[in-house]
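Lettering follows sequence order; numbering is per chain, from 1. Hydrogens, waters and symmetry mates play no part in the numbers below; they use all other heavy atoms, side chains included. Note that the structure is a prediction, hence the values are computed from the model and not measured.
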Amino acid sequence: MLIFDQEITGLARDLIGARLFVRGTGGMVLETEAYGRNDPASHSFRGPSTRNAAMFGPPGSVYVYLSYGCHLCLNVVGRAGEAVLIRAMLPEAGVALMRERRRGGAPLLAGPGRTGQALGIGLADNGKRFDGAEFTLESRTEARELLVGPRIGITRAADLPWRFGLAEASGLSRAFPAQARGNNLA
DNA sequence: CTCTAGATAAACT
DNA sequence: GTTTATCTAGAGT
């Protein structure tokens, strides 16, 4: 079982190799980033607001935000004010529908904006739960080797190694820097 | 490979 | 009113 109520980096690691589905589309999670409560790069840094309200919902909630005015990004909420951004997945379920939503553009799920588009999420999904209804999460079953590196596309706290990826996976949003290997999952 | 335009919600001054 | 933001597609070198 996946534990949502734990340190956010732990949740980000546990989500690698897990399977995530949104209304029948999705697949294995390949890449995540952790965002903490007192993390200058996090939307929750300045406290609760209309935009980030879902980040303060119960662990296991859905947090969706609009990035750069055009990209919807999906997050898994952990403890209050903490969340994990889903950056890349392996297309496994509902591939035809995802391809249609991406209008034939490939890749389907490599990158947070592409993932949001392929899964068909919207701001209206904020506050929903990963409870198996519309949003489902199945924990990883086997041990996997993990890549660790700095987060992408942020300006503050850019040095924290809070980005995680599945080793040997193709379909990551970007390659990890060298030295990223060597952390086995439990 | 690098560069740039594009899109809009919310925080900030 | 202005700026920034957890990016991407498409054009250019």
Side-chain angles (χ1 to χ4, degrees), chain A residues 4 7-16 18 20 22 25-26 29-57 59 61-89 91 98-128 130 135 146-166 170-178 180:
Chain A
F4 294 111
E7 205 176 316
I8 198 62
T9 49
L11 178 57
R13 300 165 81 103
D14 281 355
L15 283 172
I16 300 294
L20 188 159
V22 180
T25 57
V29 177
L30 302 180
E31 185 182 340
T32 62
E33 280 178 7
Y35 287 88
R37 176 66 185 83
N38 286 307
D39 171 7
S42 172
H43 288 165
S44 60
F45 184 59
R46 294 165 217 272
S49 70
T50 352
R51 183 199 197 190
N52 65 24
M55 281 186 89
F56 292 86
S61 297
V62 175
Y63 171 49
V64 178
Y65 71 91
L66 182 68
S67 176
Y68 289 91
C70 36
H71 305 294
L72 289 158
C73 301
L74 175 64
N75 298 253
V76 181
V77 177
R79 292 174 175 166
E82 310 198 317
V84 175
L85 170 66
I86 305 297
R87 291 193 54 91
M89 303 201 301
M98 293 196 289
R99 196 176 293 134
E100 194 176 306
R101 287 180 179 142
R102 296 264 310 126
R103 309 229 285 223
L108 255 36
L109 294 171
R114 290 168 179 158
T115 300
Q117 187 184 12
L119 296 180
I121 60 170
L123 291 170
D125 290 317
N126 262 312
K128 291 182 182 173
F130 284 95
F135 290 81
L146 197 65
L147 302 172
V148 183
R151 294 175 290 182
I152 307 279
I154 57 172
T155 53
R156 292 155 303 191
D159 51 326
L160 287 178
W162 280 11
R163 175 178 176 230
F164 304 95
L166 185 64
S170 60
L172 299 177
S173 66
R174 286 164 59 167
F176 276 76

side-chain contact (heavy atoms from CB on, under 4.5 Å) evaluation trace for A:V62 with A:L74: CA-CA 7 Å; A:V62 175; A:L74 175 64; 3.7 Å; yes

Stepwise side-chain contact (heavy atoms from CB on, under 4.5 Å) check, A:F130 with A:V76: CA-CA 8 Å; A:F130 284 95; A:V76 181; 3.7 Å; yes

Side chain to side chain donor-acceptor pair (under 3.5 Å) between A:R101 and A:Q117, intermediate numbers included: CA-CA 7 Å; A:R101 287 180 179 142; A:Q117 187 184 12; over 6 Å; no

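Between the CD atom of A:Q117 and the C1' atom of C:dC7 there is a distance of 11 Å, given to the nearest Å. If you measure from atom CZ of A:R174 to atom P of B:dC1, you get 12 Å, rounded to the nearest angstrom. The interatomic distance linking A:R163 (CZ) with C:dC7 (C1') rounds to 14 Å, in whole Å. C:dT4 atom P lies 18 Å from atom CG of A:L66, rounded to whole Å. In this entry the distance linking CZ of A:R103 with P of C:dA9 reads 11 Å, nearest Å. Between the CG atom of A:N75 and the P atom of C:dC7 there is a distance of 11 Å, rounded to whole Å. Straight-line distance from the CG atom of A:D39 to the P atom of C:dA5: 13 Å, rounded to whole Å. The separation between A:R151 atom CZ and C:dA5 atom C1' is 14 Å, rounded to whole Å.
Closest approach of A:D125 to A:I121, counting heavy atoms only: OD2-CA, 3.3 Å.
Along DNA chain C, the nucleotide nearest to A:A110 and the one nearest to A:T155 differ in position, and the one closer to the 5' end is contacted by A:T155. For the pair A:R156 and A:T115, nearest-nucleotide mapping onto DNA chain C gives the more 5' position to A:R156.
A cation-pi arrangement is absent between A:R87 and A:F164 under the rule of less than 6.0 angstrom and at most 45 degrees off the ring axis. A:R37 forms no cation-pi arrangement with A:F45, by the criterion of a distance under 6.0 Å to the ring centre and an angle within 45° of the ring axis.
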Polar pairs (N or O, both sides) under 3.5 Å between protein and nucleotides 5-7 of chain B?
{"unit_1": "B:dA7", "atom_1": "N3", "unit_2": "A:Y68", "atom_2": "O", "d": "2.7"}

Pairs under 3.5 Å (N/O, protein and nucleotides 11-13 of chain B):
{"unit_1": "B:dA11", "atom_1": "OP1", "unit_2": "A:S49", "atom_2": "OG", "d": "2.4"}
{"unit_1": "B:dC12", "atom_1": "OP1", "unit_2": "A:R46", "atom_2": "NE", "d": "2.6"}
{"unit_1": "B:dC12", "atom_1": "OP1", "unit_2": "A:R46", "atom_2": "NH1", "d": "2.8"}

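Side-chain contact between A:N126 and A:Y63: present, with at least one pair of heavy atoms (C-beta onward) separated by less than 4.5 Å. In this structure, the side chains of A:P161 and A:P150 stay at 4.5 Å or more apart for every pair of heavy atoms.
In this structure, A:R151 does not pair ionically with A:D159, as no charged nitrogen and carboxylate oxygen lie closer than 4.0 Å.
Base pairing of B:dT2: its partner is C:dA11, meeting the Watson-Crick or G-U wobble criterion (both donor-acceptor distances under 3.5 Å).
Contact between the side-chain N/O atoms of A:R102 and the OP1/OP2 oxygens of C:dT8 is not found at any separation under 4.0 Å. Taking 4.0 angstrom as the limit, A:R114 places a side-chain polar atom (N or O) nearer than this to OP1 or OP2 of C:dA9.
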